[in-house]
Amino acid sequence: MTLEHLPISFFKNDALTVAPALLGKRLVVSKGEVILSGMIVETEAYRGSDDASSHAYNGKTQRNSNMFEEGGTVYIYMIYGSYFCLNFVTGNKNDGQAVLIRGVEPLDGLDVMRFNRFGVFGKKPIDKNLTNGPGKICKAFGIDKSYNGESLSGTKIFITNEKKISKQSILSSSRRGITKGKEHLWRYYIHENKFVS
DNA sequence: AGGGTGATATACT
DNA sequence: GTATATCACCCTT
């Protein structure tokens, strides 16, 4: 497996550029001996002061402060009291932009993921239910608030090149779960991939 | 379709 | 300090 990090400069672009470009890249989470990884298949872009449904819209708060860090920083938040969501900050410091990871196709550590999600080991066939949603990904990968503020240039969590996705198989749609403001086609996903939510 | 879940921000005493 | 509304979700029917 390729272990070359994507350069941090990759994340210092607009969220609308980074979100589709992340499709087909590999998310790697390293826990000592155990490596968990998967291919990113669905993302959503969130911008700053011009995006009413972004956490950053009303400026910096205790929860979202890491969203105002420089591109290449990890932003984790808890939603509905139960689930964590994984985001990568994009652009420059104080932009308040990020990309939410919504769908991942598991590659390494499937048995551990299955245990994290359902509390059982086993060699059952890969279930799309494992990682087809932002909360599910964090549960499967064991990502919690302790990853908030980590840099993607480190070894705990990072992104590598996996596979080139042809432009035709990248589709976009409106974002999910959005109730505020004007909605845009800022959700990106790989056509007909099983792990899209 | 409907409910569980509790952290978070904001607006009040 | 308390109260209330609001969630970038998941699971079960």
Side-chain angles (χ1 to χ4, degrees), chain A residues 11 14-23 25 27 38 40-69 71 73-91 95-106 113-120 122 124 126-150 152 157 159 170-190 193-197:
Chain A
F11 297 96
D14 195 282
L16 297 182
T17 304
V18 177
L22 275 170
L23 297 176
K25 300 289 188 287
L27 165 67
I40 297 170
V41 301
E42 181 184 356
T43 61
E44 276 178 7
Y46 287 88
R47 305 223 305 178
S49 51
D50 62 341
D51 180 3
S53 40
S54 169
H55 286 173
Y57 185 59
N58 287 317
K60 204 187 269 196
T61 66
Q62 192 174 2
R63 171 169 78 157
N64 70 14
S65 64
N66 279 320
M67 215 174 149
F68 291 85
E69 285 304 313
T73 304
V74 174
Y75 168 49
I76 307 284
Y77 64 89
M78 170 160 273
I79 188 73
Y80 295 105
S82 310
Y83 300 96
F84 294 105
C85 291
L86 169 64
N87 300 258
F88 302 141
V89 179
T90 66
D95 280 0
Q97 305 184 62
V99 174
L100 169 68
I101 307 303
R102 291 193 56 93
V104 165
E105 177 174 334
M113 290 186 195
R114 194 145 35 221
F115 181 75
N116 287 343
R117 283 272 289 133
F118 306 117
V120 290
K124 290 183 211 160
I126 302 173
D127 185 354
K128 67 172 187 181
N129 231 11
L130 206 54
T131 51
N132 65 339
K136 299 177 188 179
I137 292 167
C138 286
K139 190 94 188 289
F141 278 79
I143 294 171
D144 60 20
K145 205 96 185 271
S146 71
Y147 287 79
N148 196 20
E150 281 290 321
L152 291 171
I157 177 167
I159 307 294
I170 296 181
L171 301 182
S172 67
S173 78
S174 56
R175 294 174 291 185
R176 316 271 282 187
I178 298 297
T179 54
K180 287 187 296 200
K182 179 179 185 300
E183 191 35 3
H184 309 87
L185 300 180
W186 289 354
R187 167 177 174 255
Y188 303 92
Y189 58 99
I190 297 178
N193 186 284
K194 205 167 126 183
F195 295 90
V196 171
S197 65

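Order of the sequence lines sets the chain letters (A, B, ...), proteins ahead of strands, with each chain counted from 1.
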For DNA chain C, whose closest nucleotide is more 5', that of A:R176 or that of A:N129? A:R176
Where do N or O atoms of nucleotides 2-5 of chain B meet protein N or O atoms at under 3.5 Å, pair by pair?
residue, atom, partner, partner atom, Å
B:dT5, O2, A:Y80, O, 3.3

Interatomic distance where CD1 belongs to A:I79 and P belongs to B:dA9 [whole Å]: 11 Å
Rounding to 0.5 Å, atoms NZ (A:K128) and NZ (A:K136) come to a distance of 8.0 Å
Is it the case that over 12 heavy atoms from other parts of the model lie below 6.0 angstrom from the OH atom of A:Y57? no
Measure the shortest side-chain to side-chain distance between A:V74 and A:L152 over non-hydrogen atoms and say whether it is less than 4.5 angstrom. yes
Find the distance A:I137:CD1 to C:dA8:P and express it as a whole number of Å. 17 Å
Go through C:dA8, B:dA7, C:dC10 for me and flag the one nearest to the A:K136 side chain. C:dC10
Do the side-chain N or O atoms of A:R102 get closer than 4.0 angstrom to the phosphate oxygens (OP1, OP2) of C:dC9? yes
Interatomic distance where CZ belongs to A:F118 and P belongs to C:dC10 [whole Å]: 11 Å
Length of the line joining A:E42:CD and C:dA8:P, which is rounded to integer Å: 16 Å
Sugar-phosphate, base or nothing in reach of A:K145, heavy atoms under 4.0 Å: sugar-phosphate
Check whether any side-chain heavy atom of A:F11 sits under 4.5 Å from a side-chain heavy atom of A:V18, and report yes or no. yes
Between A:I40 and A:I159, does the side-chain contact (heavy atoms from CB on, under 4.5 Å) criterion hold? Intermediate values first, please. CA-CA 10 Å; A:I40 297 170; A:I159 307 294; 4.2 Å; yes
Could you check how far CD of A:Q97 sits from C1' of C:dA8, rounded to whole Å? 16 Å
Rounded to the nearest Å, what distance is computed from the CE atom of residue A:M67 to the C1' atom of nucleotide B:dT8? 15 Å
Name the one of A:S173, A:S197, A:S172, A:S174 that satisfies side-chain hydrogen bond (donor to acceptor under 3.5 Å, both in side chains) with A:R187? A:S173
Need one value for A:R187: base, sugar-phosphate or nothing, where a base atom within 4.0 Å counts as base even if backbone is also close, heavy atoms only. nothing
Just to be sure I understand the geometry, which residues of residues 44-66 of chain A put a non-hydrogen atom under 4.0 Å away from DNA chain B? A:T61, A:Q62, A:R63
Apply side-chain contact (heavy atoms from CB on, under 4.5 Å) to residues A:N87 and A:I76 and explain how you reach the verdict. CA-CA 6 Å; A:N87 300 258; A:I76 307 284; over 6 Å; no
Run the numbers on A:K194 and A:E105 for salt bridge (charged side-chain N to carboxylate O under 4.0 Å, His left out), then give the verdict. CA-CA 8 Å; A:K194 205 167 126 183; A:E105 177 174 334; over 6 Å; no
For the residue pair A:R175 and A:Y46, establish whether any side-chain heavy-atom pair is separated by less than 4.5 Å. yes
Distance (rounded to the nearest 0.5 Å) between A:L86 CG and A:T43 OG1: 11.5 Å
Rounded to whole Å, the CG-P distance (A:L100 to C:dC7) equals 16 Å
Provide, to the nearest angstrom, the distance between the CG atom belonging to A:N148 and the C1' atom belonging to B:dA7. 14 Å
Quick one: sort the A:Y77 and A:Y75 rings into parallel, tilted or perpendicular, breaks at 30° and 60°. tilted
So, taking the atom named CZ in A:F141 and the one named CG in A:L130, what distance separates them when rounded to the nearest 0.5 Å? 8.5 Å
Only Watson-Crick and G-U wobble pairs with both distances less than 3.5 Å should count. Give DNA chain C in dot-bracket notation, marking inter-strand partners with |. |||||||.||||.
